[in-house]
Amino acid sequence: MPSRTALITGVTGQDGSYLAELLLQKGYRVFGLVRRLSSPNVTHLANIRDQIEILDGDLMDQVSLNDAVRKSAPDEVYNLASQSFVGTSFVQPVLTGEVTGLGVLRLLEAVRSHAPQARVYQASSSEMIGHVNQEPQNELTPFHPRSPYGCAKVYAYWACVNYREAYSMFIANGILFNHESPRRGYEFVTRKISDAVARIALGKAKNVTLGNLDAKRDWGYAPEFVELMWRTLQHNTPDDFVGATGESHSVREFAEEAFRAAGIEDWSKHVITDPKFNRPAEVFNLRGDASKAARVLGWTPKTRFKELARIMVEADLKRLRAASA
Ligand code: NAP
Ligand code: G4F
């Protein structure tokens, strides 16, 4: 098969960088859309920077999206760019709506005009499900978003379904439950904990301050989720798939497991709570049912909860030790 071309938005992020690595291994020509920042944020691309082609662009800017799609002439487009932090979406709701919601429509328009045959993957979120009324949650669970981020993702999800139906484009949504890794941003709770645990274990910090310890999430391992994204676009018809592990654990349990991974048994001595980290509306409990992805795409996540906490803590210990060597 001749090599295929992919355009990844959000290539500098956690998922984008893992996906770029996966597609390069599969022989793809990979273009990455990168927005202009005063200091380039390419840490996660260090190992593959010379193998991918960077295009300047921003989900806020239609012209740059048109150009990026035209220049890359992609067979597959993976839209992983977004303002992805739920907490910030309460502080910057309009920006979140512009980027995470309307930005997707801009990209769809760019693809419709310049590469209508391209297959499109939209990284939708379990935050769309939000306030759950069903356990576990699958592709048919109704949406009840609880944040401006969740609302923006619902808009984007339906824009994708609409363009699929209206223009017969190949557009697929991944309804992705939380997935983490050593490349997770430091503001997300798992990485905040793994980084703090490593600092505490190395004597560089004493405590970590968190919000709601009772919130429960279905936490998977990001490199396995980008495999699901790829498989979704190889399927013969465009369809929407949940990505999840089927296991749900509280923030408290993650902290407990992370401290244990660093050899600290009494985790509660090091965890402080502060309501300033609580959200105006919380998603209390998520647990996904990814049986459709298993049945149709042959995708099943392997890394379980304890292993994930261990991977993240060990990576942060290694990073901090190297930094102080
Ligand atoms: P991430 O690490 O926060 O990466 C977000 C990416 O979006 C970064 O590359 C960022 O670029 C880029 N971006 C932000 N604003 C942009 C704009 N205006 N124009 C162009 N690019 C922009 O997120 P992630 O965890 O990899 O998640 C990937 C996607 O999956 C996101 O859409 C997220 O909402 C969705 N999702 C994630 C999860 C999860 O648990 N990780 C679950 C469900 C859905 P900079 O480097 O310049 O900031
Ligand atoms: O790690 P979080 O910030 O992730 P959240 O809100 O679940 O969103 C992530 O997963 C979504 C998929 O469901 C993605 F769409 C989204 O882009 C992002 O990747 O918070 C997880 C939970 C929340 O209930 C939060 O209230 O942890 C709770 N939490 C408790 N203390 C905290 C903290 N969250 C953060 N970030 N920081 C805390 O100190």
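Ligands are counted one by one from 1 in listed order, and the atoms in each one are counted from 1 as well.
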Ligand 1 to [X] polar contact by distance, N or O atoms, under 3.5 Å:
X	answer
Asn79	no
Gly13	yes
Leu37	no
Gln83	no
Ser126	no
Ser125	no
Asn178	no

(message) Under a 4.0 angstrom heavy-atom cut-off, which atoms of ligand 1 come close to Ser124?
(response) 43 (C), 44 (C)

(request) Within a distance under 4.0 Å of any heavy atom of Ser84, pick out the atoms of ligand 1 and give their elements. (result) 1 (P), 3 (O), 23 (O), 33 (C), 34 (O)

(request) Pick, from His179, Met229, Glu180, the option with the minimum heavy-atom distance to atom 42 (C) of ligand 1. (result) His179

(message) For atom 23 (C) of ligand 2, what's the nearest protein heavy-atom neighbour? Residue, atom name and distance, please.
(response) Arg217 NH2, 3.4 Å

(message) To check your reading of the model: name the closest protein heavy atom to atom 5 (P) of ligand 2, its residue, and the distance in Å.
(response) Asn178 ND2, 3.7 Å

(request) Output every pair passing ring-ring contact (aromatic ring centres under 6.0 Å, His included) with a member in residues 184-208, not counting sequence neighbours, ordered by first then second residue. (result) Phe85-Phe188

(request) Mark the output for Leu213 as yes if a heavy-atom distance to ligand 2 is under 4.0 Å, and as no if none is. (result) no

(request) Starting from Val208, walk the hydrophobic network (Ile, Leu, Val, Met, Phe, Trp, Tyr; side-chain heavy atoms closer than 4.5 Å) and list everyone else you reach, by chain and number. (result) Val189, Ile193, Val197, Ile200, Leu202, Leu210, Leu213, Trp219, Tyr221, Val251, Phe254, Phe259, Ile264, Trp267, Val271, Phe305, Leu308, Ile311, Met312, Val313, Leu317, Leu320

(message) Can you give me the closest heavy-atom contact between Thr303 and Glu224, atom names plus distance?
(response) OG1-OE2, 2.8 Å

(message) When you group the ILVMFWY residues by side-chain heavy-atom contacts below 4.5 Å and let the links chain together, are Tyr121 and Val77 in the same group?
(response) no

